[in-house]
Amino acid sequence: MIIGIIGAMQEEITPLLKMFQDYKIHKIANNTFYEITHKNIKIFIAYSKIGKVHASITATTLITLFKCEKIIFSGVAGGLHPDLKVGDLLLATKLCQHDVDISAFGHPLGFIPESSIYITTDSTLNNLAKQIAQKKGILLKEGVIASGDQFIHDANKKHFLIKEFKADAVEMEGAAVAVVCNLFNIPFCIFRSISDSADQEADISFDTFLEQAANTSAIFVKEIIEALV
Ligand code: ADE
C-alpha cells in the first residue's frame, strides 16, 4: 500500500518526519516529497505550502506521480464551533470552499458547476480513526470544515462561515485536497487540531499554538498509519 500524507506548513510535517526518521527525498515542482518505507507500506510525506492551489498540486503529485492510494491530511485549523477549543482534534466529515462565489449567475455560495458545495471524506478511514480514538481514549471530534485562501481573524467573517456553510472549523487547504481526491477516486481523511478561534486574537493564538496543535494531529496520524500496516 502507498499512502500520501500532506501538511500545509513545515511545522505540520516535522513531527511525522521525526517519527519515521529515515527517508529518501524527491524534488518536484519546487516541493520536497519524503519517501518512507515503513513495515509493508510506502509513505510519501510533503508540506504543500499554504493555500488551496498548493494543496491541489501536492495532492495531484502524490496521486499521479507517486501512486498514493490513500491520502491523509494532518494540520491545524481555526475553531468556529464554540465547543472546539485550542488543542482539540477534529476529523472532517465534509469540506467546502468558502471563498467560491459565482452567485452573480444565480449559484449558491461555494458551488462550482459540475461539482458540489461539500465533498465528504472517506467513511472507512473515518471509522478506523474513530475506532483508534476510542481504543486509545483520545477525544476525536467530528465536524464540517470550510477552506479558503484567507486566514480568518474576524468575528463577522467567522459568523458568516458558521451561518452560510454550517462550518465547525476553518483552514486553507482541506477542501482542495478533497476535490482532487474525489476526482481521482482516492479515499482521504483530514485531521486538524485547533490552533485558534478565528477571532481577533487568532494570529497570536496561531503563532503560540501552531507547533503544539500540529504535533497533536501528527501523533494521531501516526496511529492511523500503524493501523494500516
Ligand atoms: N488555520 C489555522 N487557523 C486558521 C484561521 N483562523 N483561518 C484560516 N486558516 C487557519
Side-chain angles (χ1 to χ4, degrees), residues 5-16 45-59 71-101 109-110 117-119 121 139-180 188-221:
I5 303 177
I6 310 176
M9 301 171 71
Q10 176 80 64
E11 290 86 342
E12 290 171 322
I13 66 159
T14 297
L16 284 159
I45 302 179
Y47 82 90
S48 57
K49 299 189 282 290
I50 293 166
K52 291 188 291 160
V53 173
H54 287 125
S56 307
I57 294 168
T58 301
I71 298 282
I72 302 172
F73 194 103
S74 180
V76 305
L80 302 175
H81 195 288
D83 288 350
L84 280 176
K85 306 289 182 213
V86 168
D88 282 355
L89 184 60
L90 182 72
L91 171 66
T93 52
K94 57 182 184 176
L95 301 100
C96 64
Q97 299 184 62
H98 69 73
D99 53 357
V100 165
D101 182 354
L109 293 175
I117 298 178
Y118 297 99
I119 294 176
T121 48
L139 182 60
L140 179 63
K141 298 187 173 176
E142 289 179 81
V144 176
I145 289 182
S147 309
D149 290 322
Q150 300 158 1
F151 183 84
I152 306 301
H153 60 120
D154 169 80
N156 289 334
K157 190 73 203 242
K158 175 175 172 169
H159 291 119
F160 162 78
L161 297 178
I162 296 169
K163 196 163 176 281
E164 182 67 34
F165 295 104
K166 309 271 175 287
D168 299 301
V170 62
E171 36 84 312
M172 303 176 70
E173 299 82 20
V177 172
V179 169
V180 171
F188 73 100
C189 58
I190 310 267
F191 298 100
R192 294 279 189 172
S193 178
I194 303 302
S195 57
D196 59 84
S197 297
D199 53 14
Q200 287 83 344
E201 285 98 50
D203 50 346
I204 294 165
S205 181
F206 180 88
D207 281 344
T208 309
F209 296 109
L210 167 64
E211 270 185 45
Q212 197 178 312
N215 204 39
T216 300
S217 179
I219 289 169
F220 195 78
V221 166

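Residue numbers start at 1 and run along the sequence shown. Keep in mind that what you see is a predicted model, and the values were worked out from it rather than measured. Atoms within a ligand are numbered from 1 in the order they appear, just like the ligands themselves.
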Exercise. Rounded to the nearest 0.5 Å, what separation is found between the NE2 atom of His98 and the CD1 atom of Ile145?
Worked result: 11.5 Å
For this session: Give the atoms of ligand 1, by number and element, whose distance to some non-hydrogen atom of Met172 is under 4.0 Å.
Result: 8 (C), 9 (N)
For this session: Would you check if the side chain of Lys141 reaches a backbone N or O of Asp83 as a donor-acceptor pair within less than 3.5 Å?
Result: yes
For this session: Drop me the distance from Glu171's CD to Ile190's CD1, to the nearest 0.5 angstrom.
Result: 6.5 Å
For this session: Please assess Asp99 against Lys52 for the test salt bridge (Lys or Arg N to Asp or Glu O under 4.0 Å), listing each intermediate value before the final yes or no.
Result: CA-CA 11 Å; Asp99 53 357; Lys52 291 188 291 160; 2.7 Å; yes
Exercise. Does some non-hydrogen atom of Gln150 fall short of 4.0 Å from ligand 1?
Worked result: yes
Exercise. What atoms in ligand 1 come closer than 4.0 Å to a heavy atom of Ser195?
Worked result: 2 (C), 3 (N)
Exercise. Do ligand 1 and Ala198 have nitrogen or oxygen atoms that lie under 3.5 Å from each other?
Worked result: no
Exercise. Should Ile152 be counted as touching ligand 1, given the test is an N or O pair under 3.5 Å?
Worked result: yes
Exercise. For atom 10 (C) of ligand 1, which protein heavy atom lies nearest, and how many Å away is it?
Worked result: Val170 O, 3.6 Å
Exercise. Can you list the ligand 1 atoms lying under 4.0 Å from a non-hydrogen atom of Glu171?
Worked result: 8 (C), 9 (N), 10 (C)
Exercise. Are the side chain of Gln97 and the backbone of Ser147 linked by a donor-acceptor contact shorter than 3.5 Å?
Worked result: no
Problem set entry | Check against salt bridge (Lys or Arg N to Asp or Glu O under 4.0 Å), Glu12 and Arg192 | CA-CA 10 Å; Glu12 290 171 322; Arg192 294 279 189 172; 3.8 Å; yes
